[in-house]
Amino acid sequence: MEIGAIIKKARNNAGLTQEQSAEALGVSRQTVSNWENAKSYPDIISVIKMSDLYSVSLDCLLKEETSVKQTYKEYLEESSNTVKSNDRKSKILLSLTTLGIWALSVLAFWLVQSSESAGGFSLAVVWGILPITFFAVSFIMGERNYFGKLKWICPVLFGVMHALSGYVSVIHVGNTSYRQVMWPDFSKFPVGLIAGIAGIAIGMAVRYKKSDKA
């Protein structure tokens with residue numbers, strides 16, 4: 001018996017409709033229908049949920065002919081590899097985006113024409129753009145659980161990056177304006193550190209809240 005037929009039989013034995021099962025599993029009724037008609041396979045999380053919902057063992061749900069069992073195993077492996085690949089790409093993109101914003105925010109200061117605008121922009125970078133970037137990136141890491149426990153090292157790195165961004169200022173000597181960079185300025189280290197810690201903590205809280213609802 002194929003897995004679709006087994007799932008359908010288990011649902012019927014539990015006295016549930018496709019709509020009721022879909023609501024309990026957090027999917028659409030069409031998804032449940034596709035599983036039962038072997039148009040698609042449920043992921044392993046959904047199989048575990050069905051095991052609890054239908055009060056049947058995982059072994060019972062996955063007990064089918066060898067060829068189908070192998071196909072399902074290949075499907076799970078392929079899905080797992082796809083998720084891992086997407087996560088890896090997302091992590092690389094997130095890292096590159098952070099470094100890009102950090103570098104461009106500092107370099108853009110030198111492209112501002114007037115000294116007054118340059119001074120205002122330097123303040124926006126140091127106290128606005130960079131802290132917000134660090135917080136947003138950290139939130140994503142916490143919400144998606146990127147890098148595991150190593151993500152807690154990132155706030156320290158953000159603190160260092162913030163200190164290395166330097167205090168970019170404009171000074172006037174007579175009628176001449178000079179742009180001046182003084183770095184590292186470790187008085188700004190706590191800003192990056194706190195933004196990173198807060199982002200991760202709030203992101204994790206959101207992730208736990210979503211898992212509780214599921």
_On a heavy-atom basis, which atom in Phe186 and which in Ala163 lie closest, and how many Å separate them?_
CD2-CB, 3.8 Å
*Please name all residues satisfying side-chain hydrogen bond (donor to acceptor under 3.5 Å, both in side chains) with Ser28, sequence neighbours left out, ordered by chain then number.*
Thr31
*Closest contact, heavy atoms only, Pro131 versus Val125*: CD-O, 3.9 Å
_From CZ (Phe139) to CE (Met204), nearest 0.5 Å_ = 12.0 Å
*Ile101 reachable from Ile132 in the ILVMFWY side-chain graph, under 4.5 Å edges*: no
*Quick one: salt bridge (charged side-chain N to carboxylate O under 4.0 Å, His left out) pairs with a partner in residues 123-147, sequence neighbours left out?*
Glu143-Lys210
*Which atom names give the shortest non-hydrogen contact between Leu25 and Ser46, and what distance separates them?*
CD2-O, 4.3 Å
*Check: Phe134 main-chain N/O paired with Ser138 side-chain donor or acceptor under 3.5 Å*: yes
_Test item: His162 side-chain N/O and Lys188 main-chain N/O as donor-acceptor pair under 3.5 Å_ = yes
*Please name all residues satisfying salt bridge (Lys or Arg N to Asp or Glu O under 4.0 Å) with Arg11, sequence neighbours left out, ordered by chain then number.*
Glu36
*For Val47 and Tyr41, what are the C-alpha separation, side-chain angles and deciding distance, and is it a side chain to side chain contact (heavy atoms under 4.5 Å, CB included)?*
CA-CA 9 Å; Val47 173; Tyr41 289 117; over 6 Å; no
_Separation between CG of Asp52 and OG of Ser57, rounded to the nearest 0.5 Å_ = 11.0 Å
*Working to the nearest 0.5 Å, report the span between CZ of Phe135 and CD1 of Ile140.*
10.5 Å
*Please round to the nearest 0.5 Å and tell me the distance separating atom CG of Leu157 and atom CG of Leu193.*
10.5 Å
*Taking only residues two or more places apart in sequence, or in another chain, which ones meet Leu99 in a side chain to side chain contact (heavy atoms under 4.5 Å, CB included)?*
Met161
*Nearest heavy-atom neighbours spanning Gly192 and Phe158*: O-CB, 3.7 Å
*Residues in side-chain hydrogen bond (donor to acceptor under 3.5 Å, both in side chains) with Ser55, at least two apart?*
none
*Run through the side-chain heavy atoms of Ile, Leu, Val, Met, Phe, Trp and Tyr, join any pair under 4.5 Å, and report what else lands in Ile92's cluster.*
Leu96
*Where the side chain of Ser51 meets the backbone of Val56, is there a donor-acceptor pair that is under 3.5 Å apart?*
yes
*What are the two closest heavy atoms between Trp102 and Leu130, and how far apart are they?*
CA-CD2, 3.8 Å
_Could you work out, with side-chain hydrogen bond (donor to acceptor under 3.5 Å, both in side chains) as the rule, every residue matching Thr133, not counting sequence neighbours?_
none
_Distance in Å, Ile6 CD1 paired with Lys8 NZ, rounded so as to fall on 0.5 Å steps_ = 13.5 Å
*Just jot down the side chain to side chain contact (heavy atoms under 4.5 Å, CB included) partners of Ser33, sequence neighbours excluded, or say none.*
Gln18, Arg29, Gln30, Asn37
*List, by chain and number, the other hydrophobic cluster members for Ile194, where Ile, Leu, Val, Met, Phe, Trp and Tyr join if side-chain heavy atoms come within less than 4.5 Å, directly or indirectly.*
none
*Check Asp43 against Ile45 and note the closest heavy-atom contact, atom names and distance.*
OD1-N, 3.0 Å
*Test side chain to side chain contact (heavy atoms under 4.5 Å, CB included) applied to Phe147 - qualifying residues, sequence neighbours left out*: Lys91, Ser95, Met141, Leu150, Lys151
*Name all residues meeting the side chain to side chain contact (heavy atoms under 4.5 Å, CB included) criterion together with Ala14; count only those two or more places apart in sequence or in a different chain, and write none if there are none.*
Leu16, Tyr54
